[in-house]
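Note that the structure is a prediction, hence the values are computed from the model and not measured.
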Amino acid sequence: MLIDALSSAARRAGYAPYSGPLAALPKSVKAFPAMWIEPPKLAAVEGRKRGRLTYKVDFHLLALPAGKTPDQTRKIRQQIDADALSICLELPDHSEIILVRGVKAVPAPGSLTLSADLSAAVSMEAVIPFCLNQ
């Protein structure tokens, strides 16, 4: 559900969504700009039969540089940061996501693919409700 919500938000922001372990990213991304979504990790459970699940979610936004000047690179990085925030803020509009918190975006020091991309690693927590019917 989280990967589907992130993929939909990525498409609306103009990114081609991909998902899987980070090690598969370099060989899998075929279109740019791209979003790579790592498998969500369960971080906390509140409640026994009814409550909230908190998942730690990591994803990467990748774009190809339009040019080689520092100003062009800065503009692309600013756009990636703005897109990361926009994608995260859109998630609570998804019917099953209650809250998104702890959003952090860090520029990658180098390319994640063989295409000399610019990217940012984004992490956040997503809270969703659960109810066990017994």
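Panel note: side chain Thr54, backbone Val127; no donor-acceptor pair is recorded below 3.5 Å.
Expressed to the nearest 0.5 Å, how far CG of Asp117 lies from CG of Leu25 amounts to 7.5 Å. With values rounded to the nearest 0.5 angstrom, Ser7 atom OG is found 10.0 Å from Ile87 atom CD1.
Hydrophobic clustering of Ile, Leu, Val, Met, Phe, Trp and Tyr side chains at less than 4.5 Å, counting indirect connections, unites Leu132 with Tyr55. Linking ILVMFWY side-chain heavy atoms closer than 4.5 Å, directly or via other members, places Phe32 and Leu112 in a single hydrophobic cluster. Leu85 and Tyr15 fall into different hydrophobic clusters, where Ile, Leu, Val, Met, Phe, Trp and Tyr are joined by side-chain heavy atoms under 4.5 Å apart, directly or via other members. Both Ile3 and Met1 are assigned to one and the same hydrophobic cluster, defined by single-linkage of ILVMFWY side chains at heavy-atom distances under 4.5 Å. Grouping the Ile, Leu, Val, Met, Phe, Trp and Tyr side chains by contacts below 4.5 angstrom, directly or via other members, places Val29 with Leu22.
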- Message: For a side chain to side chain contact (heavy atoms under 4.5 Å, CB included) check, start with the C-alpha distance between Met124 and Leu6, then their side-chain angles and the critical distance, and finish with the verdict.
- Response: CA-CA 12 Å; Met124 64 172 196; Leu6 280 165; 4.1 Å; yes
- Task: Before giving the answer on side chain to side chain contact (heavy atoms under 4.5 Å, CB included), spell out for Leu89 and Val100 the whole-Å C-alpha distance, their side-chain angles and the decisive distance to 0.1 Å.
- Result: CA-CA 7 Å; Leu89 291 176; Val100 169; over 6 Å; no
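The pair Arg77-Asp81 does not count as a salt bridge, with every side-chain nitrogen at least 4.0 angstrom from each carboxylate oxygen.
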Check: residues 36-47 side-chain donor-acceptor pairs under 3.5 Å, at least two apart:
{"from": "Trp36", "atom 1": "NE1", "to": "Gly20", "atom 2": "O", "distance (Å)": "2.9"}
{"from": "Glu38", "atom 1": "OE2", "to": "His60", "atom 2": "NE2", "distance (Å)": "2.9"}
{"from": "Lys41", "atom 1": "NZ", "to": "Asp58", "atom 2": "OD2", "distance (Å)": "3.3"}

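Atom CZ of Arg50 has 12 or fewer neighbouring heavy atoms from other residues, nucleotides or ligands inside a 6.0 Å radius. With a 6.0 Å radius and a threshold of 12 heavy atoms from other residues, nucleotides or ligands, Arg12 has its CZ atom above the threshold.
Minimum interatomic distance between Ala105 and Val122 (heavy atoms only, all atoms of both residues): CB-CG2, 4.1 Å. Shown here for Ile76 and Pro65, the closest heavy-atom pair between the two residues is CD1-CA, 3.4 Å. In this structure, Ser123 and Lys56 approach most closely via the heavy-atom pair CB-NZ, 3.9 Å. The heavy-atom pair separating Ala31 from Ala34 by the smallest distance is O-CB, 3.3 Å. The two residues Leu118 and Thr73 make their nearest non-hydrogen contact at CD1-CG2, 3.8 Å. Residues Ser115 and Leu64 share a closest heavy-atom pair of O-CD2, 3.3 Å.
A 4.5 Å side-chain heavy-atom check between Met35 and Asp83 finds every atom pair outside the cut-off. With contacts defined as side-chain heavy-atom distances shorter than 4.5 Å, the pair Leu2/Leu91 does not qualify. Side-chain contact between Leu61 and Phe59: present, with at least one pair of heavy atoms (C-beta onward) separated by less than 4.5 Å.
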